[in-house]
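What follows is one structure encoded as structure tokens, with my remarks underneath.
In this chain, numbering begins with 1 at the start of the sequence shown.
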Amino acid sequence: MNRLLPLSLGVIALVALIATCSRSNAPVSPPNLGKTVAAEQAQPTKQDAANEAQRIEQDATRPAALSPPPPPAPEPQAVAPPLMASPMPAAAEAKRQAVEAVTRQSTVQGNNPPTRGLDELRAASEATDREQYAHQEDNPVKRAAEQPVSTFSIDVDTGSYANVRRFLNEGRLPPRDAVRVEEMINYFDYDYPLPASRQPPFRVSTELAPTPWNPKTLLLAVGIKGYELPKTQLPPANLVFLIDVSGSMESPNKIGLLKPALKLLVRQLRPEDKVAIAVYAGAAGLVLEPTPGSQKAKIEAALDRLSAGGSTNGGAGIQLAYNLAREGFVKGGVNRVILATDGDFNVGTVSFEALKNLVEAQRKSGVALTTLGFGTGNYNDRLMEQLADAGNGNYAYIDTLQEANKTLVEQMSATLLTIAKDVKIQVEFNPAVVEEYRLIGYENRILRREDFSNDAVDAGDIGAGHTVTALYEIALKGSGGALTEPLRYGKSAENAEARGDEIAFLRLRYKQPDGDVSQLLEWPIRRDQAAQAAKEASERFRFAAAVAGFGQILRGGRYTSSFGYDDVLALARAARGPDPYGYRGEFLTLVGLAKSLGPAKDEESGQMVR
């Protein structure tokens with residue numbers, strides 16, 4: 001028995017070592033949720049296993065030391081040589097005991113390291129959101145006695161509304177800076193009276209009624225309606241499609257939507273119209289020379305051949321497109337570059353200001369710029385909107401083929417033909433009657449007072465059939481609706497001439513599409529125009545107010561008090577009116593979506609609001 005003792009002890013030690021090393025060398029599976037770093041670090045190492053085996057052998061050999069030395073044992077047949085038992089050095093034993101003491105203390109007392117967070121355990125599962133929006137604070141309340149004059153440029157863009165719709169249909173509320181209230185209001189057509197003739201090319205209407213979200217104030221609506229022109233009567237068109245085919249456009253909602261969208265416009269062209277197609281990625285190039293609108297198959301085939309790949313040199317593409325438009329310039333016709341992109345320029349001229357300056361320099365040639373935005377994730381709304389403004393054009397966001405049809409087919413005349421340019425509005429409020437006022441929206445269209453009469457200052461343009469709406473919230477003296485305190489040492493408004501019953505005086509300047517000198521139009525706005533109750537206002541006024549309220553709520557509702565989604569729905573439903581294309585019905589649905597996506601409230605469900 002004593003002879004077999006060393007062999008048995010060696011076998012025991014070897015088995016313990018193999019088992020421990022097998023655990024240490026086993027493939028590491030992905031960490032389970034809740035598993036801590038400490039648990040992983042507590043796994044025994046090979047050195048720990050060897051030390052443990054030596055300790056077992058040492059303890060086992062101590063009784064054997066009292067027996068006579070055993071005779072030599074026969075060589076084992078199928079077993080590896082055993083580890084020799086030997087006393088552990090004092091320093092190694094002390095180190096082992098110290099490690100065991102620390103491990104026991106951490107385990108028993110619960111002093112484990114903090115658990116690893118979920119974000120550290122999983123890789124990113126979604127693309128980084130790199131969308132860009134210009135930050136704008138809401139227009140402030142102003143006292144008429146201190147700042148009686150408000151001046152701004154008109155805006156016919158609608159891109160913000162379609163982009164907000166995209167966010168809501170994706171199941172999330174839009175970021176506040178993506179909401180431009182004026183673009184939401186101007187997305188809809190309003191039945192303002194048409195001008196009696198083409199000179200002036202539009203007619204201005206005003207309306208006053210109590211504000212839906214504050215009965216102590218009045219809402220002043222200024223509406224502009226341009227003369228209408230059927231698309232069959234448009235002058236000959238010289239169009240250049242400038243298309244982004246960089247790698248970022250490789251998506252069904254980008255180049256996949258862009259092709260059928262532009263085909264809708266191509267199918268409206270006449271033989272006297274012509275189209276050229278330029279593209280850009282790392283460089284810019286011409287893929288279709290100017291082609292008559294009668295050769296629709298050739299134009300559509302060129303669109304079908306487009307594919308996405310490479311970097312984005314938008315600056316080079318813009319220069320090429322303007323060169324093509326100038327070469328084919330049609331005097332008295334429609335000369336326009338239509339830029340279709342996600343706005344993610346990353347090579348060449350990429351500076352925001354440099355790109356704006358490039359477009360501003362090119363507009364002097366008489367070629368306008370329309371921007372069509374596509375896609376998500378890296379979308380540059382800031383650039384798209386500002387390029388269109390700088391290029392005397394308009395901006396639309398294309399989230400669906402239906403939106404493309406609205407912009408390029410239903411509103412083709414308004415999109416392509418400019419009937420008045422550099423349109424500016426100035427309202428002077430009577431401080432003897434008006435305590436306060438604020439302009440709703442148009443934050444990035446505010447002008448200095450002196451800019452109104454300065455024809456060198458650029459402003460927005462109006463297309464054929466366009467409607468433009470601007471809203472002011474006004475607090476009259478003694479109404480109790482004022483939000484600010486009068487200055488103690490300011491000029492007293494009591495000395496101001498009341499001018500009878502005038503609340504304000506409206507001025508408007510515009511230029512002919514090919515003119516350089518502006519013309520002035522003026523109208524007084526009288527207090528007796530105000531409706532006694534909001535329900536007495538026109539349908540167009542009430543629907544515009546509902547859209548304005550919705551936009552302000554999405555931006556945080558700084559001035560809308562307790563006015564909520566249910567109030568928007570009630571107001572818009574009652575003022576829906578004729579809706580031949582279903583856009584107002586869709587608006588009701590979007591309000592219901594926003595209500596459902598917003599913070600939970602003790603209100604009825606916001607689904608199926610049509």
Side-chain angles (χ1 to χ4, degrees), residues 139 150 152 154-156 158 161 180-195 202-226 425 427 429 434 437-442 462 465-476 479 481 501-504 506 508 523-553 559-561 563-580 583-588 590-591:
N139 285 325
S150 171
F152 66 98
I154 64 101
D155 184 11
V156 297
T158 61
Y161 181 88
R180 290 185 290 276
V181 180
E182 73 279 6
E183 293 186 27
M184 298 189 67
I185 297 171
N186 289 328
Y187 183 85
F188 299 95
D189 191 16
Y190 302 96
D191 59 345
Y192 297 125
L194 286 165
F202 49 79
R203 181 172 175 178
V204 177
S205 304
T206 59
E207 190 170 358
L208 271 170
T211 306
W213 50 86
N214 186 355
K216 295 181 179 180
T217 62
L218 293 177
L219 204 59
L220 168 63
V222 179
I224 301 174
K225 178 69 174 180
I425 292 177
V427 181
F429 291 95
V434 177
Y437 68 91
R438 70 179 181 95
L439 175 62
I440 300 174
Y442 294 92
I462 295 178
H466 258 148
T467 60
V468 180
T469 302
L471 299 176
Y472 281 95
E473 184 176 1
I474 303 170
L476 300 182
S479 66
D501 196 31
E502 290 182 11
I503 285 179
L506 172 63
L508 186 146
W523 304 266
I525 301 173
R526 302 185 182 280
R527 187 170 186 171
D528 56 12
Q529 293 179 225
Q532 296 301 311
K535 63 182 180 181
E536 297 176 8
S538 65
E539 282 185 344
R540 63 174 177 261
F541 179 96
R542 287 180 283 134
F543 193 84
V547 179
F550 181 51
Q552 290 177 94
I553 292 171
Y559 298 109
T560 53
S561 187
F563 191 79
Y565 294 122
D566 285 332
D567 301 301
V568 173
L569 289 172
L571 184 60
R573 282 197 191 105
R576 180 174 178 175
D579 190 19
Y583 299 134
R584 296 191 177 195
E586 180 189 53
F587 171 77
L588 297 174
L590 294 180
V591 177

**Side chains of Trp523 and Leu508 in contact at under 4.5 Å (non-hydrogen atoms)** = yes
**Request:** Please report the shortest heavy-atom distance between Asp528 and Asp501, naming the atom on each side.
**Result:** N-OD2, 3.1 Å
**Asked** Can you name the closest pair of heavy atoms from Ala545 and Pro212 and give their distance?
**Response** CB-CG, 3.9 Å
**Message:** Show every salt bridge (Lys or Arg N to Asp or Glu O under 4.0 Å) that has at least one partner inside residues 538-548, sequence neighbours left out.
**Reply:** Asp191-Arg540
**Request:** Can you sort out the partners of Ser150 under side-chain hydrogen bond (donor to acceptor under 3.5 Å, both in side chains), two or more places apart, ordered by chain and number?
**Result:** Tyr472
**Message:** If the condition is ring-ring contact (aromatic ring centres under 6.0 Å, His included), which residues does Phe202 pass it with, not counting sequence neighbours?
**Reply:** Tyr510
**Residues that Glu182 engages under side-chain hydrogen bond (donor to acceptor under 3.5 Å, both in side chains), provided they are two or more places apart** = none
**Item:** Gly585 to Arg576 - nearest heavy-atom pair and separation
**Value:** CA-NH2, 3.4 Å
**Asked** Any donor-acceptor pair under 3.5 Å linking the side chain of Tyr190 with the backbone of Ile185?
**Response** yes
**Item:** Atom CZ of Arg438: over 12 foreign heavy atoms under 6.0 Å
**Value:** yes
**Fill in**
Applied to residues 208-226, the salt bridge (Lys or Arg N to Asp or Glu O under 4.0 Å) test, sequence neighbours excluded, yields Asp189-Lys225, Lys225-Glu228
**Item:** Sub-6.0 Å ring centroid separation between Phe587 and Phe543
**Value:** yes
**Sidechain-backbone polar pair: Asp566 side chain, Ala570 backbone, donor-acceptor under 3.5 Å** = no
**Asked** So, the side chain of Asn186 versus the backbone of Asp155: is there a donor-acceptor pair under 3.5 Å, distance only?
**Response** yes
**Request:** With the side chain counted from C-beta on, respond yes when Ile440 and Leu219 share a heavy-atom pair under 4.5 Å apart, and no when they do not.
**Result:** yes
**Prompt:** Are any non-hydrogen side-chain atoms of Phe563 and Val568 less than 4.5 angstrom apart?
**Reply:** yes
**Asked** So do the side chains of Val434 and Leu476 get within less than 4.5 Å of each other, counting heavy atoms only?
**Response** yes
**Nearest heavy atoms of Gly481 and Asn214, plus distance in Å** = O-ND2, 4.5 Å
**Prompt:** Just wondering, do Phe550 and Leu571 contact through their side chains at under 4.5 Å, heavy atoms?
**Reply:** no
**Item:** Least distance between heavy atoms, Leu194 atom then Gly226 atom
**Value:** CD2-O, 3.8 Å
**Message:** Is the shortest side-chain heavy-atom distance between Tyr161 and Glu183 below 4.5 Å?
**Reply:** no
**Message:** Please enumerate all residues that pass side-chain hydrogen bond (donor to acceptor under 3.5 Å, both in side chains) together with Ser538, with sequence neighbours excluded.
**Reply:** Glu207
**Item:** The single option from Trp213, Tyr437, Tyr559 passing side chain to side chain donor-acceptor pair (under 3.5 Å) against Glu473
**Value:** Trp213
**Prompt:** With a 4.5 Å heavy-atom cut-off, do Val181 and Leu471 have their side chains touching?
**Reply:** no
